[in-house]
Every structure is written in C-alpha cells, then in structure tokens.
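The next block holds one structure in the form of structure tokens; read it before the comments.
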Amino acid sequence: MRKLPAAFYLTDDVIHAAQTLLGKLLVTRFDGLYTSGRIVETEAYNGVVDRASHSYNNRRTARTEVQFGKGGKAYVYLCYGIHHLFNVTLAPEGHPLVVLIRAIEPVAGIDTMLARANKSSPDNSLGRGPGNVTRVLGIHTAHSGDSLQKEISIYDDGYVLPPAEMGVSARIGVDYAGQDALLPYRFYIKGNASVSGPLKWRT
DNA sequence: CAGTGGATCGTCT
DNA sequence: GACGATCCACTGG
C-alpha cells in the first residue's frame with residue numbers, strides 16, 4: 001500500500017490520470033471510521049476548453065476556485081440539490097483539470113458504508129454512481145478543497161489493470177455540452193459489477 | 001432491461 | 001428564476 005504522492009497530481013495529462021486512477025483505492029478516515037473502495041469508473045474534465053467542465057472558458061467562481069489551485073485536492077460540489085460529487089484536482093496552479101470518480105467497488109469498512117447508505121446488506125449498487133460514492137465514503141461539499149494526503153487519500157495497492165480490460169466511452173449526463181459530450185473521456189473496468197451507466201457502457 | 005418522473009437546493013444569470 | 005457531471009421507485013416487456 002503506497003499513498004499516491006503529491007507529485008502524481010501535478011500532471012497536465014488529465015486523460016492519462018483518469019486512466020491511471022482506475023484500480024486505485026480511494027480511502028476516507030472520518031471520526032475514526034475507515035472506509036475504502038477500488039476506483040472502477042472515472043471521467044476526465046479537460047478544463048477551459050471542455051464545454052462539459054465547470055471551468056469551461058476560464059470561468060472562475062467561488063465554487064470552482066479549487067480547480068484552479070495546485071492539483072492534489074478534492075473538488076466536491078452539489079448536483080441536483082441532493083448528490084455530492086467527488087473529483088480529484090490535477091495540474092499546476094492555473095490549470096483547472098479534474099477527474100470525476102463515478103464508481104467504487106467497496107473494499108473495507110462495508111458496515112460503515114451500509115450505515116451511511118441506510119442499507120442492511122451489500123449489493124452492487126453500494127458504490128455505483130458518483131452520488132453513491134460520496135454517500136458511502138462520507139464525503140460531502142464541506143470537504144471541497146481538502147488535501148488528498150489527509151482524511152481523504154488515494155492508494156496504490158499493486159493492483160494492475162490489464163489494458164484489454166479498460167473500457168472507454170463518452171461521458172454520462174453531459175448532453176448540454178454539445179460536441180464535447182461525445183468525447184471519449186469516460187474510463188471503466190470492463191465487466192466490474194460496480195460500474196454505472198447503460199449496459200453497453202459497462203462491458 | 002428500458003423508460004419515465006419526482007425529489008431537492010446551491011449556484012449562476 | 002432556471003437548471004443541473006444523479007438516484008430511486010415504479011411501470012411494462
């Protein structure tokens with residue numbers, strides 16, 4: 001188990017980072033409660049030139065300011081008034097590149113996850129979908145801006161994803177982005193039961 | 001499995 | 001004042 005170093009997050013290659021994060025362990029430790037899950041689905045958001053990105057066209061607001069800082073922090077925002085979506089920020093200061101974590105396969109602290117999700121037994125939906133990822137890991141908008149070297153962190157446990165098992169598709173839920181909605185910026189582990197989206201985009 | 005519709009509120013125009 | 005980088009329950013096949 002090796003925590004991803006601060007240097008990992010300073011890349012400008014958001015596509016490669018989104019691919020590399022597949023198979024890594026996303027870990028939280030809040031109030032002594034340890035939970036972790038393997039990242040099985042990601043999406044790249046390519047900053048100022050990406051219509052699907054909150055920072056498109058260099059738009060800076062209080063909400064998106066974290067994206068413009070040095071990479072290696074959490075960017076968490078509220079979606080549809082209900083769901084908290086967790087992103088990893090990347091790149092040196094001034095480059096608002098992020099990777100959305102869309103699904104995890106629960107690994108440790110399953111009882112805690114079940115309690116947070118108000119469920120009694122584990123199933124494939126526990127870490128499926130970006131809203132569920134934050135729910136079971138206990139992440140919410142107040143954590144936006146937090147370092148990924150503290151309560152929230154990402155580990156490499158030696159898992160290696162065979163290249164043939166990585167799936168690629170367009171991103172989900174970004175129809176408003178015009179042509180950019182078609183970009184092949186979503187990455188997932190083929191056949192993994194925790195991956196979200198339509199069946200054809202899970203196999 | 002696919003399709004539909006309600007929930008719910010911070011953010012930006 | 002409109003609208004989401006979504007989820008769930010429910011319908012029908």
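Throughout, a chain's letter reflects where its sequence line sits, starting with A, and its residues are numbered from 1. FYI, side chains are in, hydrogens and waters are out, and symmetry mates aren't considered; it's all heavy atoms of this structure. What you see is a predicted model; the values in this text were computed from it and never measured.
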What is the distance from OH of A:Tyr56 to C1' of B:dT11, rounded to the nearest Å? 19 Å
Among the nucleotides C:dT6, B:dT13, B:dT11, which one has an atom lying closest to any side-chain atom of A:Arg59? B:dT13
Nearest-nucleotide comparison on DNA chain C, the residue closer to the 5′ end among A:Ile172 and A:Ser125: A:Ile172
Taking atom C1' of C:dT6 as reference, at what distance in whole Å does atom OH of A:Tyr176 sit? 12 Å
N/O (side chain, A:Arg102) to phosphate O (OP1/OP2, C:dT6) under 4.0 Å: yes
Below 3.5 Å, does any donor atom in the side chain of A:His83 face an acceptor in the base of C:dA5, or the other way round? no
Are A:Tyr77 and A:His84, when compared by the centres of their aromatic rings, separated by less than 6.0 Å? no
A:Arg60 has an atom CZ; how far is it from atom P of B:dT11, in whole Å? 17 Å
Which of these nucleotides, B:dC12, C:dT6, B:dC1, is closest to any side-chain atom of A:Thr61? B:dC12
With centres under 5.5 Å and planes under 30° as the test, does A:Tyr45 stack with C:dA5? yes
If I take atom CG in residue A:Leu126 and atom C1' in nucleotide C:dC8, what distance separates them, rounded to the nearest angstrom? 15 Å
When you measure from the centre of the six-membered ring of A:Phe68, is the NZ or CZ of A:Arg60 closer than 6.0 Å and no more than 45° off the axis? yes
B:dG6 -> Watson-Crick or G-U wobble partner, both distances under 3.5 Å, gives C:dC7
Looking across every strand, which nucleic acid part, if any, lies under 4.0 Å from A:Arg186 by heavy atom: base, sugar-phosphate, or nothing? nothing
Are the side chain of A:Thr89 and the backbone of A:Tyr75 linked by a donor-acceptor contact shorter than 3.5 Å? no
Of the options B:dC9, C:dC7, B:dT11, whose atoms approach the side-chain atoms of A:Leu78 most closely? B:dC9
Value in whole Å for how far the P atom of B:dC1 lies from CZ of A:Arg202: 6 Å
Is A:Ile104 reachable from A:Leu85 through a run of I, L, V, M, F, W or Y residues, each pair having side-chain heavy atoms under 4.5 Å apart? no
Distance-only side-chain donor-acceptor flag, A:Thr28 / A:Glu151, under 3.5 Å: no
Which part of the nucleic acid does A:Asn87 contact within heavy-atom distance under 4.0 Å: base, sugar-phosphate only, or nothing? base
Between A:Asn132 (CG) and C:dA9 (P), how many Å, whole number? 11 Å
If you check every side-chain atom of A:His54, which of C:dA5, C:dT6, B:dC12 has the closest atom? C:dA5
Side chains of A:Val27 and A:Tyr34 in contact at under 4.5 Å (non-hydrogen atoms): yes
To the nearest Å, how far apart are A:His140 NE2 and B:dG10 C1'? 16 Å
Starting from P on C:dC7, measure out to NE2 on A:His84 and report it in whole angstrom. 12 Å
Using a heavy-atom cut-off of under 4.0 Å over every strand shown, decide if A:Arg171 touches base, sugar-phosphate, or nothing. nothing
Out of C:dT6, B:dG10, C:dA5, which nucleotide sits closest to the side chain of A:Val174? C:dA5
Choose from C:dC8, C:dT6, C:dA5 the nucleotide whose nearest atom is closest to any side-chain atom of A:Tyr75. C:dA5
Which nucleotide in the set C:dG4, B:dT8, C:dT6 lies at the smallest distance from any side-chain heavy atom of A:Ile82? B:dT8
